[in-house]
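Step one of this worksheet: look at the structure below.
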Protein chains: 2
Amino acid sequence: MATMTAAQRREQARFAYDAFLKECPTNQLLDRISDKWVSLVVSALAAGPMRYSDLGRKIAGVSPKMLTQTLRSLERDGILTRTVTPSVPVRVDYALTPLGHSLSLLLTAVKDWAETHFDEVHRARERHDAEAGETSRAS
Amino acid sequence: MATMTAAQRREQARFAYDAFLKECPTNQLLDRISDKWVSLVVSALAAGPMRYSDLGRKIAGVSPKMLTQTLRSLERDGILTRTVTPSVPVRVDYALTPLGHSLSLLLTAVKDWAETHFDEVHRARERHDAEAGETSRAS
DNA sequence: CTGTATCCCTCCTGATACTG
DNA sequence: CAGTATCAGGAGGGATACAG
């Protein structure tokens, strides 16, 4: 029995962690809104409603798959609305809900933080790398 | 030539996107701080300095590899400090820098948003799923 | 125009075992 | 105690082709 103590303990820990995640679904939500494409879509829509292909153009690097996937999950979560206009060529508009707007405010705040402190991070990074270089050159 | 128009356009778009990312490294930073383990480590450290194994215990589901990896990148970015005390068993403490604290404030805000609006999201989700069921049952 | 379905491939993740 | 090295597995992301 003693031979699998480590594995067992790890499994126990993992189980506890999973349980924690179930009690605290905030983490899921947090993971979702911190998704790469989510922030881009929400920022794009913050300026106003947009059509599918407009979004595809504005975000530029996104594949139709990821765009649709992101849009669907955001619609499901009530972050944005999807409006179909059955004209001759179908037209679909996406717009932020009030909930979506409040989220966009937050994302903007985070973005601001990143912009404000980027210099600091960058300097810390260079200093850190430089010191690493010194260390390896020493000996 | 006409046969690769789509591919070319996509490549152009991708190039433009990459260029945008270089001009706006905020996105990289944003991606980094929205990492799954980053938020957990920063929250854990928000309460005060901790040792390596303490972090491992508190976060519970993390493997030593991911813990070290996360810690290293955060140290490099000046979010936290790593202090080695060369005692008989080596002792290493991790602590948030002022920069790290300001970040923890933001992450807390996001977490608060997630907690506040979780009900709303959940309801939106159920309504959406219910409507989908109705749609498929109609016809 | 607006998506959907498929395949593929890379990166990330995590587990294990070993070192200082 | 505090990591590092290595390897396997899986999920996510992208490209393509096709449908409504």
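Any value given below was found using the heavy atoms of this structure, including those in side chains, with hydrogens, waters and symmetry copies removed. By convention in this document, chain letters (A, B, ...) are assigned in the order of the sequence lines, proteins followed by strands, and residues within each chain are numbered from 1. Treat the numbers as computed from the prediction; the structure is a model and nothing was measured.
Atom CZ in A:Arg72 sits about 14 Å away from atom C1' in C:dA5, given to the nearest Å. The nearest whole Å value for the distance from the CG atom in A:Asp93 to the C1' atom in C:dT2 is 12 Å. Atom P of nucleotide D:dC1 and atom CG of B:Leu71 are separated by 16 Å, given to the nearest angstrom.
With contacts defined as side-chain heavy-atom distances shorter than 4.5 Å, the pair B:Leu45/B:Leu55 qualifies. Side-chain contact between A:Val62 and A:Val41: absent, with no pair of heavy atoms (C-beta onward) separated by less than 4.5 Å.
Summarising the geometry, atom NZ belonging to A:Lys111 is positioned 7.5 Å from atom OG belonging to A:Ser39; distances are rounded to the nearest 0.5 Å.
B:Ser102 pairs by the side chain to side chain donor-acceptor pair (under 3.5 Å) definition with A:Trp113, not counting sequence neighbours. Shown here are the salt bridge (charged side-chain N to carboxylate O under 4.0 Å, His left out) partners of A:Asp54, two or more places apart in sequence or in another chain: A:Arg57. Take B:Thr83 and apply the side chain to side chain donor-acceptor pair (under 3.5 Å) test, not counting sequence neighbours, and it matches no residue. With sequence neighbours excluded, the residues forming a side chain to side chain donor-acceptor pair (under 3.5 Å) with B:Glu120 are B:His117, listed by chain and number. Listed by chain and number, the residues in a ring-ring contact (aromatic ring centres under 6.0 Å, His included) with A:His101 amount to none (sequence neighbours excluded).
Residues from residues 77-91 of chain B with heavy atoms under 4.0 angstrom of DNA chain D, sorted by number: B:Arg82, B:Val90, B:Arg91. A heavy-atom distance below 4.0 Å to DNA chain C is reached by these residues of residues 45-55 of chain A, ordered by number: A:Arg51, A:Tyr52, A:Ser53.
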Without placing hydrogens or testing angles, list every side-chain donor-acceptor pair under 3.5 Å for residues 87-99 of chain A, not counting sequence neighbours.
| from | atom 1 | to | atom 2 | distance (Å) |
| --- | --- | --- | --- | --- |
| A:Ser87 | OG | A:Thr85 | O | 3.3 |
| A:Ser87 | OG | A:Pro89 | O | 3.0 |
| A:Arg91 | NE | A:Asp93 | OD2 | 2.8 |
| A:Tyr94 | OH | A:Arg82 | NE | 3.3 |
| A:Thr97 | OG1 | A:Gly78 | O | 2.7 |
| A:Thr97 | OG1 | A:Ile79 | O | 3.0 |
| A:Thr97 | OG1 | A:Leu99 | N | 3.4 |
| A:Thr97 | OG1 | A:Gly100 | N | 3.0 |

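Summarising the geometry of A:Val38 relative to A:Ile33, their closest heavy-atom pair is CG1-O, 3.8 Å, with the distance given to 0.1 Å. Pairing each heavy atom of A:Ala109 with each of B:Leu106, the nearest pair is O-CD1, 4.1 Å.
For residues 64-80 of chain B, the set of pairs meeting the salt bridge (Lys or Arg N to Asp or Glu O under 4.0 Å) definition, not counting sequence neighbours, comprises A:Arg125-B:Asp77, A:Asp129-B:Arg76, B:Arg32-B:Asp77, B:Arg72-B:Glu75. Residue pairs meeting the salt bridge (Lys or Arg N to Asp or Glu O under 4.0 Å) criterion with at least one partner in residues 41-52 of chain B, sequence neighbours excluded, do not occur; the list is empty.
Note on the helix from C:dC1-D:dG20 to C:dG20-D:dC1: terminal axis deviation equals 50°, with five pairs used at each end and the result rounded to 10°.
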Quick one: which protein N/O atoms are closer than 3.5 Å to N/O atoms of nucleotides 8-13 of chain D? Pair and distance per line, please.
| from | atom 1 | to | atom 2 | distance (Å) |
| --- | --- | --- | --- | --- |
| D:dG13 | N7 | A:Lys65 | NZ | 3.3 |

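Remark: A:Tyr94 is not in phosphate contact with C:dT2, judged by side-chain N or O atoms under 4.0 Å from OP1 or OP2.
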